[in-house]
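Okay, so here's the structure we're looking at.
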There are 2 protein chains.
Amino acid sequence: MALSSALDDFQSRSAALAPVLAALAAAGDIDGWRNEAYPVMENWGDPPLLKMERAACPRFGVRAWGVHMNGYVRRRDGLYLWVATRARDKPSYPGMLDNMVAGGQPHGIGPRDNMVKECAEEAGIPAAIVARLQGVGALSYCHQNADGVKPDRIFCYDLELPADFTPVNQDGEVEKFELWPIQDVAARVRDGFDFKYNCNLVIIDFLIRHAIVMPENEPDYGALVRGLRRGG
Amino acid sequence: MALSSALDDFQSRSAALAPVLAALAAAGDIDGWRNEAYPVMENWGDPPLLKMERAACPRFGVRAWGVHMNGYVRRRDGLYLWVATRARDKPSYPGMLDNMVAGGQPHGIGPRDNMVKECAEEAGIPAAIVARLQGVGALSYCHQNADGVKPDRIFCYDLELPADFTPVNQDGEVEKFELWPIQDVAARVRDGFDFKYNCNLVIIDFLIRHAIVMPENEPDYGALVRGLRRGG
């Protein structure tokens, strides 16, 4: 892939691509148009080469970023994790289990600000609680499906929630929230395919950082730790 | 490298290697004999093929594991990290800066039990405080120096310490402990070579998990996150 020298900045490249993407969408080659611009770059922090409609990125194998949050409660008998079930009418992965709050990372907003915004929209978490949001790292993976290739990355956040807080979805994207004992979450991630594929990774990272998964109880501990940070 | 079919278990392989290592040490080819057996295996949790004297492992490029702990204090004005200075008479890296507590991972003890033991020996941390020790993951790296090649891995732990606790070294391996503001630690890791090489990695992992280093303030955020989990 090479950049045309006739298109030498972010604006001209983005403008040249827009009608091409619109034509592909009109021909049915891009599903689920979101009207949301993603920055195109190799690494977060690079100056974006151009912006591209979110739904088009996998078609071109363009890397996308997301923000995911594990909301948890510390009880006397251990950790509990809030598990979301995606709305049945969501275009992608309807009805699957999800992290408490998650979203794509569009152009023009920082990851933490984006995460804060999603916490309000998806779970109705008040600002005073969201202020405790803790950035904890990032994951990288590559996923291929009928939409194309996603060599994507996720910025991960933890949020410890008061025992008396109950999330309430504001934007219709979540069917329900349930508070699960952490061991039940771990078992479902290990034994099933009920969570949206990349949410599993965010939970495994949480399980490792909170010593639910340890070298003492998991023969594949090293492979799991390294597997969450794939890619160049 | 192949295993002799005449030596078909842990005991016979370890026994066959021992006199070879002793001869190498007598010839001056293995420095700093520790009299400490390391398990030889590709991944933690594999049945060890044999055991090998710690000081001999880099000569053979044999993977070793260690346990490192970041001891921190939460004050109103932010996080503080306990920084150790290695004793001047330590055979390796004398006088260099170090994590609060760290040690090699020998054969016959689990990582967490080993870390607990080191916390008592190196910093005099009482059992009631060590009980809060938090496993947070693992790092992998490869280091080459005059001793050989170290394709090693580190199990990482966090320990939040009370503001009124002061560590006291028990085994003569630490010259002093100092409590540094986390930003001073971050600056020293970024700008200098004062920390023992692998302790830098353990601190960078801490800085990422505690959102001192964030996508918003570090252009190399992604490279740092992935760089801490190198190796197959």
Side-chain angles (χ1 to χ4, degrees), chain A residues 39 41-47 63 65-67 79 105 109-116 132-141 151-159 204-232, chain B residues 39 41-47 63 65-67 79 105 109-116 132-141 151-159 204-232:
Chain A
M41 54 203 178
E42 187 181 349
N43 292 298
W44 188 263
D46 291 350
R63 172 163 297 147
W65 281 259
V67 293
L79 293 179
Q105 176 60 47
I109 184 173
R112 189 188 162 93
D113 290 344
N114 185 30
M115 187 82 262
V116 167
R132 302 173 210 161
L133 192 68
Q134 176 74 45
V136 293
L139 310 179
S140 44
Y141 63 91
D152 291 358
R153 295 181 178 165
I154 295 177
F155 295 118
C156 299
Y157 297 83
D158 278 4
L159 180 58
I204 294 169
D205 181 68
F206 182 91
L207 296 172
I208 289 169
R209 288 184 294 95
H210 291 266
I212 308 298
V213 168
M214 298 182 288
E216 282 84 352
N217 67 12
E218 175 50 63
D220 292 326
Y221 186 81
L224 288 172
V225 166
R226 292 187 305 285
L228 298 175
R229 308 284 190 284
R230 286 285 170 79
Chain B
M41 53 203 178
E42 188 181 347
N43 293 298
W44 188 261
D46 292 349
R63 172 162 296 148
W65 281 260
V67 292
L79 292 179
Q105 177 59 47
I109 184 173
R112 189 188 161 93
D113 289 346
N114 185 30
M115 187 81 262
V116 166
R132 302 174 210 160
L133 192 68
Q134 176 74 45
V136 292
L139 309 179
S140 44
Y141 63 90
D152 290 359
R153 294 182 179 166
I154 295 177
F155 296 118
C156 301
Y157 296 84
D158 279 3
L159 180 58
I204 294 169
D205 181 67
F206 182 92
L207 296 172
I208 289 168
R209 287 184 296 94
H210 290 266
I212 308 298
V213 168
M214 299 182 288
E216 282 85 352
N217 67 12
E218 175 51 62
D220 293 327
Y221 186 80
L224 288 172
V225 167
R226 292 187 306 285
L228 298 174
R229 307 285 189 285
R230 286 284 170 79

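- Proximity to chain A (any heavy atom under 4.5 Å) is restricted, for B/Pro219, to the backbone atoms N, CA, C and O.
- For the pair A/Glu216 (side chain) and B/Gly110 (backbone), a donor-acceptor distance under 3.5 Å is absent.
- Residue A/Gly137 comes nearest to B/Tyr221 through the heavy atom pair CA-OH, 3.2 Å, listed as atom of the first residue, atom of the second, then distance.
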Next on the checklist: Assess the residue pair A/His210 and B/Gln134 against the criterion (side chain to side chain contact (heavy atoms under 4.5 Å, CB included)); give the C-alpha distance rounded to whole Å, side-chain angles, the decisive distance to 0.1 Å, and a yes or no.
Outcome noted: CA-CA 7 Å; A/His210 291 266; B/Gln134 176 74 45; 4.3 Å; yes

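- We find the SG-CZ distance between B/Cys156 and A/Arg209 to be 13.0 Å, quoted to the nearest 0.5 Å.
- The shortest side-chain heavy-atom distance between A/Arg226 and B/Asn43 falls under the 4.5 Å cut-off.
- Chain A forms the most heavy-atom pairs under 4.5 Å with one residue out of B/Gly222, B/Gly45, B/Pro215, B/Ala223, and that residue is B/Pro215.
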